[in-house]
Amino acid sequence: MLVLRPDAGEVVVSTTVKKSRFIATAASVESPGDVASLIERVPSAGANHVCWAYVIGSGPHETSRSADDGEPAGTAGPPILTALRRRGVVNAAIVVVRHFGGVKLGAGGLIRAYSGSATAVLDAAPLQEVMPSCVVRLRVRVDDAGRVATDLHSMATVRSTEYGADAVDFVVDVSADARERLCDHIRSVTSGSATILD
């Protein structure tokens, strides 16, 4: 799984296909609101179409969308989305602005142009690999909470801690490959009394 490097900012690449100019902008996003802000920021004066796609999260927590913005259905947004997925890039959006050059490209030509534009901006973007992560929710007895909290902070990122009368609920982010190791460890230090809630 890849993401844009945090210092990347917005990466812009322009390509020309049969006199039509395609300007692709790639940026990191964490929410659909970030995507909307990116679309508003991308210079589009005089453009005929502003097409986009994004992927946020991964696995069962993935959210993705795309838009053709007036191009024939499936010829712009989906090819951009396919480029993101093929490369394995998450938490990213690509906006492609098209300035029509007077020559019609046809459905196949549009798909190739939008896909090529998205691929070109991903080629130019500084990408880095990240490990897939998952959320683990667990409940432990109040007596075990102090020791468990210390271990969780060293093994994962603690999102929240909720104290009840008899138990404490933790929500943590952990790399997918370390999930079972973390759960086994917490069961061990609580003599099997911890409950994995998810």
Side-chain angles (χ1 to χ4, degrees), residues 1-17 20-99 110-137 156-160 171-179 198:
M1 199 165 56
L2 300 171
V3 296
L4 270 76
R5 256 194 357 237
D7 61 344
E10 295 174 6
V11 180
V12 181
V13 172
S14 177
T15 56
T16 302
V17 178
S20 281
R21 193 162 164 231
F22 295 83
I23 304 167
T25 302
S28 293
V29 293
E30 296 293 330
S31 69
D34 290 348
V35 178
S37 296
L38 175 64
I39 294 166
E40 288 177 16
R41 285 194 312 273
V42 168
S44 59
N48 301 88
H49 305 279
V50 179
C51 306
W52 50 267
Y54 69 82
V55 177
I56 297 171
S58 62
H61 305 290
E62 179 186 300
T63 303
S64 60
R65 281 195 57 206
S66 65
D68 293 315
D69 189 36
E71 294 283 29
T75 62
I80 298 169
L81 183 58
T82 298
L84 283 164
R85 286 191 169 140
R86 185 176 296 136
R87 191 69 62 90
V89 178
V90 299
N91 297 342
I94 297 175
V95 179
V96 180
V97 175
R98 180 186 181 199
H99 295 272
L110 286 171
I111 291 169
R112 286 189 295 277
Y114 279 102
S115 176
S117 184
T119 299
V121 78
L122 289 175
D123 287 344
L127 301 173
Q128 68 182 30
E129 191 165 0
V130 294
M131 294 300 296
S133 67
C134 58
V135 175
V136 177
R137 293 171 177 82
T157 302
V158 178
R159 281 189 180 187
S160 67
V171 178
V172 301
D173 282 325
V174 63
S175 62
D177 62 339
R179 182 188 186 283
D198 58 339

Atom of [X], atom of [Y] and distance for their closest heavy-atom approach:
X      : Y     : value
Ser115 : Ala83 : O-CB, 4.4 Å
Ser66  : Ala53 : CB-CB, 3.7 Å
Val97  : Ala47 : CG1-CB, 3.2 Å
Pro78  : Asp68 : CD-OD1, 3.3 Å
Ala45  : His99 : O-CE1, 3.3 Å
Leu84  : Ala92 : CD1-O, 4.1 Å

Can you tell if the side chain of [X] reaches within under 4.5 Å of the side chain of [Y], non-hydrogen atoms only?
X      : Y     : answer
Thr63  : Tyr54 : yes
Val89  : Val55 : no
Pro43  : Thr25 : no
Arg112 : Val17 : no

Is the CZ atom of Arg65 crowded by more than 12 outside heavy atoms at less than 6.0 Å? no

Working to the nearest 0.5 Å, report the span between [atom1] of [X] and [atom2] of [Y].
X      : Y      : atom1 : atom2 : value
Leu110 : Thr75  : CG    : OG1   : 4.5 Å
Asp173 : Arg179 : CG    : CZ    : 12.0 Å
Arg98  : Ser44  : CZ    : OG    : 15.0 Å

CA sep, side-chain torsions, deciding dist, call: Val174, Cys134, side-chain contact (heavy atoms from CB on, under 4.5 Å): CA-CA 6 Å; Val174 63; Cys134 58; 3.9 Å; yes

Donor-acceptor pair, distance only, cut-off 3.5 Å: does the side chain of Asp69 make one with the backbone of Val50? yes

Any donor and acceptor pair, going by atom type alone, linking the side chain of Asn91 with main-chain N or O of Ser28 inside 3.5 Å? no

Do Val95 and Arg41 pass the side-chain contact (heavy atoms from CB on, under 4.5 Å) test, and can you show the C-alpha distance, the side-chain angles, and the key distance before you say yes or no? CA-CA 10 Å; Val95 179; Arg41 285 194 312 273; over 6 Å; no

Verify side-chain contact (heavy atoms from CB on, under 4.5 Å) between Leu38 and Asp34, making sure each step is shown before the conclusion. CA-CA 6 Å; Leu38 175 64; Asp34 290 348; over 6 Å; no

Test Val121 against Val12 for side-chain contact (heavy atoms from CB on, under 4.5 Å), laying out the working first. CA-CA 6 Å; Val121 78; Val12 181; 5.9 Å; no

Could you walk me through whether Arg85 and Ser64 pass the side chain to side chain donor-acceptor pair (under 3.5 Å) check? CA-CA 10 Å; Arg85 286 191 169 140; Ser64 60; 2.6 Å; yes

Any salt bridge linking Arg87 with Asp123? Criterion: basic side-chain nitrogen under 4.0 Å from a carboxylate oxygen. yes

